[in-house]
Amino acid sequence: MLINSLKCRFLSDLENVVLKNKKIDKKIDLNMDKIFKSIRLEEPKNKEFGDLTTNAAMVLSSQVKKKPMELAEEINKQILSKWKFVESVALIAPGFINFNLKDKFVFESLNKIFSEDKCYGENKSGAGKRIQIEYVSSNPTGNLHIGHGRWGVMGDVLSNIYEKNGFDVQREYYVNDYGTQAKIFAECVKSLYLKRFGIKFSYPKDGYPEKTVAVVAEKIYESYGDKFILNKDEPATNDAEMEKISIDMMLSFIRETLLSIGVEFDNWFYESSLYKNDNFEKAMKFLRENNLVYEQEDALWFKATSYGDDKDRVIVRGDGNPTYFASDIMYLMNKKERGFDFLIYILGADHHGYISRLKAIGKSIGMNSDAVNIIIGQLVRLVEGKEVLKMSRRKGKGMTLDDLIRHVGKDAVRYFFSMNSFDTHMDFDLSLAKKKSNQNPVFYVQYAHARIGSIIRKLREIDLENASEKEISEIENSSAGFCENFLLNMKKYEFKNNSERNIAWVLSLFPDIIYDACKNNAPYLVTQYLYRLSGEFHYFYNHNIIISKNKVNMIRLVLAIATKKVLKNGLDILGISAPEKM
RNA sequence: GCGCUUGUAGCUCAGCUGGAUAGAGCUACGGACUUCUAAUCCGUAGGUCGGGGGUUCGAAUCCCUCCAAGCGCACCA
């Protein structure tokens with residue numbers, strides 16, 4: 001990591017300077033944590049200010065009782081001027097410290113792209129930590145709609161990012177196959193299934209859209225024939241078996257849809273498994289023994305308010321049936337038993353009421369307060385022109401995720417859903433959906449990758465005067481020999497202009513991006529970065545000739561290949577293909 | 001009524017753990033292919049950062065208030 005490690009170094013150096021000041025004036029009372037938190041070392045918004053900038057002098061001035069500019073001088077003198085890789089420093093009123101890094105330093109950072117190759121960008125900050133990310137978890141009573149696609153993609157990409165940061169990640173889908181909704185769904189299937197045999201059985205009034213159910217019923221008929229018919233004269237089936245098969249069938253459709261955009265899970269956790277054997281009784285016993293529940297009006301209540309929730313919650317109804325909240329409790333207890341260091345739930349904004357109750361459960365069963373992390377993603381709104389379309393699964397309205405994938409393809413779907421932060425209320429314009437396939441910035445990024453592929457192909461076609469095919473292959477494949485000699489050959493590879501240096505600079509930031517994306521649960525940072533890198537490359541490509549006649553400009557070729565590698569690594573994280581040709 | 005999220009260019013969005021002249025893309029207009037892919041590049045235009053107050057060296061960013069949008073407030077799942 002470039003910026004993040006420089007920042008660490010800067011802060012530790014800074015501590016010495018500050019402490020020195022403290023020795024001079026003992027009255028100074030410093031809150032170092034607070035200071036360090038608000039000190040930034042980052043790229044300035046405006047590139048003209050240099051490679052990096054820090055607000056340290058301004059942050060410190062009020063604490064140390066010195067003028068910012070004086071502090072800036074001091075910081076420059078005691079820290080930056082001692083850093084050998086700093087090229088120049090500028091102190092700007094009211095106290096900005098801007099500095100540039102030496103070309104050599106920037107160039108050296110490229111070495112990692114080749115030596116680490118497919119691992120470039122990774123770090124070990126999460127080593128030894130097991131986390132679980134749960135996402136989508138859509139009820140298996142209907143097709144996924146567009147919104148689910150967002151969580152599928154975001155969850156998948158976020159999982160990839162955590163893995164790149166060294167975490168051991170489990171991806172989990174929670175299947176609500178227990179309770180009323182599953183039963184209603186099964187009833188619907190049953191009705192249509194029986195109809196297939198000419199047996200009348202009324203379709204539930206508040207049932208699911210027939211269009212969806214019919215597909216499931218038909219598939220069951222195809223696969224099992226009359227297996228579930230108990231008696232042809234009466235509308236009877238083996239209900240329990242039927243329910244299980246119906247849910248599984250629907251789930252297999254969901255799985256297929258997700259698979260078609262590369263979203264896979266390590267574990268499909270069935271809600272019904274929570275009620276197997278005497279799990280439920282054990283859980284209730286645990287709650288009673290720990291004084292977490294009380295009885296009132298025949299129902300069993302969980303003392304959620306004692307742990308930060310707005311109200312207490314019923315977990316066992318008056319009729320003796322458990323509520324959904326009982327499942328939530330048992331599910332979290334189960335997750336705890338599985339021994340994760342922390343959990344992430346990705347939930348749609350329509351579930352934001354869950355935050356306090358899930359945290360309350362976590363607290364009540366003795367989990368660390370930061371072990372249960374809930375990411376709330378704002379909903380996708382489907383619009384057509386100015387009209388807002390309602391996406392209601394219960395009514396079978398709106399565009400399904402399958403439709404969308406068919407329209408724009410896997411890559412565009414993944415790019416589109418990973419380009420915004422969780423907090424963005426996305427408007428998805430249906431009439432733009434098709435256009436998106438041409439306008440989607442995913443092609444901009446992929447095109448950069450393909451262009452470089454084309455350069456390499458070109459090199460193989462011509463007789464090069466100043467490089468052998470073997471040499472080209474060595475660079476492309478990051479051979480051990482090339483990597484060893486990379487830094488020795490530096491003189492050969494001096495930056496000749498800004499665009500060469502800029503692209504090297506952006507390339508060197510990739511590991512920082514992976515780290516920041518993880519720290520902030522912000523997959524879109526990777527997407528944004530790839531767009532930036534592609535833009536930088538397209539500019540570079542248009543302004544620098546890499547191959548002229550029979551000669552290849554080696555530094556430029558190295559930069560191009562390095563770009564290709566980083567684009568590939570980044571696109572892999574997003575789960576988007578990196579084409580050699582377009 | 002209470003709560004969560006959001007409001008930035010015509011459109012879709014960055015920037016929000018305070019920093020310098022608020023940035024991209026799309027759209028519009030004007031340029032660049034005898035030279036590695038023009039799915040590209042360059043340029044122009046476009047803004048009272050929802051309104052109003054406050055905090056300070058400094059506010060799109062933090063606080064208060066109002067307005068608007070989405071979502072949620074079950075012995076539903």
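Reminder, nothing fancy here: chain letters follow the sequence lines and each chain counts from 1.
A side-chain N or O of A/Glu43 and one of A/Trp505 form a donor-acceptor pair less than 3.5 Å apart. Counted by atom type alone, A/Asp328 and A/Tyr354 present zero donor-acceptor pairs between their side chains at under 3.5 Å. For the 3.5 Å distance criterion, the side chains of A/Asn544 and A/Arg556 qualify, holding a donor opposite an acceptor. A donor and an acceptor atom, one from each side chain of A/Asn502 and A/Tyr539, are nowhere located under 3.5 Å apart.
Here the nucleotide nearest the side chain of A/Arg451, chosen from B/rA77, B/rU6, B/rU40, is B/rU40. Among the nucleotides B/rC13, B/rG72, B/rG70, the one closest to any side-chain atom of A/Asn420 is B/rC13. You'll find that the side chain of A/Val314 is closest to B/rC75, out of B/rC42, B/rU40, B/rC75. Nearest to the side chain of A/Asp423, among B/rC71, B/rC36, B/rU6, sits B/rU6.
Residue-to-nucleotide contacts include a donor-acceptor pair under 3.5 Å from the side chain of A/His425 to the base of B/rU5. Side-chain atoms of A/Tyr444 stay outside donor-acceptor range of the base of B/rA38, with no qualifying N/O pair under 3.5 Å.
If you check every strand for non-hydrogen atoms under 4.0 Å, A/Ile546 touches a base. Here A/Asp427 lies in heavy-atom contact (under 4.0 Å) with sugar-phosphate atoms only. Among the protein residues, A/Thr180 comes within range of the sugar-phosphate backbone only, with heavy atoms under 4.0 Å from sugar or phosphate atoms but none that close to a base. Residue contacts shown for A/Gln446 are absent, as no nucleic acid heavy atom lies under 4.0 Å away.
Side-chain atoms of A/Asn553 do not come within 3.5 Å of backbone N or O of A/Ile546 as any donor-acceptor pair.
Note: NE2 (A/His352) to C1' (B/rU6) measures 13 Å, nearest angstrom. Following rounding to the nearest Å, A/Asp312 (CG) and B/rC73 (P) show an atom-to-atom distance of 17 Å. For the pair A/Lys549 NZ and B/rU34 P, the computed distance is 17 Å after rounding to whole Å. In this entry the distance linking CG of A/Leu379 with P of B/rC71 reads 7 Å, nearest Å. Remark: P of B/rC13 and OH of A/Tyr529 are 25 Å apart, rounded to the nearest angstrom. At whole-Å resolution of the value, CD1 in A/Ile561 and P in B/rC36 are 18 Å apart. Between A/Lys311 atom NZ and B/rG3 atom C1' the separation is 10 Å, expressed in whole Å. Atom CZ in A/Arg381 sits about 13 Å away from atom C1' in B/rU5, given to the nearest Å.
When the side-chain nitrogen and oxygen atoms of A/Arg317 are compared with OP1 and OP2 of B/rC76, one or more of them lie within a distance under 4.0 Å.
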Quiz item: Once each nucleotide of nucleotides 16-27 of chain B is scored for protein heavy atoms under 4.0 Å, what B/S/- sequence comes out, 5' to 3'?
Solution: -B-BBB--SSS-
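In this structure, A/Tyr529 has its ring center under 6.0 Å from that of A/Phe510. Side-chain rings of A/Tyr135 and A/Trp151 stay apart, their centers remaining 6.0 Å or farther from each other. In summary, the aromatic rings of A/His449 and A/Phe537 are positioned with their centroids too far apart to meet the 6.0 Å limit.
You'll find the side chain of A/Leu80 reaches within 4.5 Å of the side chain of A/Phe99, heavy atoms only.
Place A/Tyr539 and A/Gly179 on RNA chain B by their nearest nucleotides, and A/Tyr539 ends up nearer the 5' end.
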Quiz item: When Watson-Crick pairs (N1 to N3 and N6-O4 or O6-N4) and G-U wobble pairs (N1-O2 and O6-N3) count only below 3.5 Å on both distances, what is the dot-bracket string of RNA chain B, with | for other-strand pairs?
Solution: (((((((..((((.....[...)))).(((((.......))))).....(((((..]....))))))))))))....
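Around NZ of A/Lys67, the count of heavy atoms belonging to other residues, nucleotides or ligands within 6.0 Å does not exceed 12. Around NZ of A/Lys410, the count of heavy atoms belonging to other residues, nucleotides or ligands within 6.0 Å exceeds 12.
Annotated as syn: B/rC33, whose glycosidic dihedral is within 90° of 0.
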